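All values reported here derive from a predicted model rather than from experimental measurement. The first residue in the sequence is number 1, and the count goes up from there.
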Amino acid sequence: MQFNRDDKGVMHPLPKPSVDTGMGLERIAAVLQGKHSNYEIDLFQDLIKAGGARDASEGSEKSFR
């Protein structure tokens, strides 16, 4: 990210440009937990189970994603 757009649409350089990797918290958690999908991390698994999907091997969790 290099610029900030004001209310009039004028672009102003940021004092400290940065790079947005797009790697959000859930993606970092997936990497740290050795998972291939964000939906496999412990937080999402708990939410999917709470929503009613009991067994990931059944494939029923797909609709909860």
Q: If you group Ile, Leu, Val, Met, Phe, Trp and Tyr whenever their side-chain heavy atoms sit less than 4.5 Å apart, what else falls in with M1?
A: L14
Q: Between the main-chain N or O of Y39 and the side-chain N or O of Q45, is there a donor-acceptor pair closer than 3.5 Å?
A: yes
Q: Tell me the closest heavy-atom pair linking S37 and A30, and the distance in Å.
A: O-CB, 4.1 Å
Q: Is there any side chain to side chain donor-acceptor pair (under 3.5 Å) pair reaching into residues 6-28, and which pairs are they, with sequence neighbours excluded?
A: D6-H12
Q: Quick one: side chain to side chain donor-acceptor pair (under 3.5 Å) partners of Q33, sequence neighbours excluded?
A: D42
Q: In Å and rounded to the nearest 0.5 Å, what is the NE2 to CD1 distance from H36 to I41?
A: 14.5 Å
Q: Please go through L32's hydrophobic cluster and name the other residues, only I, L, V, M, F, W, Y counting, with side-chain heavy atoms under 4.5 Å joining them.
A: M23, I28, V31
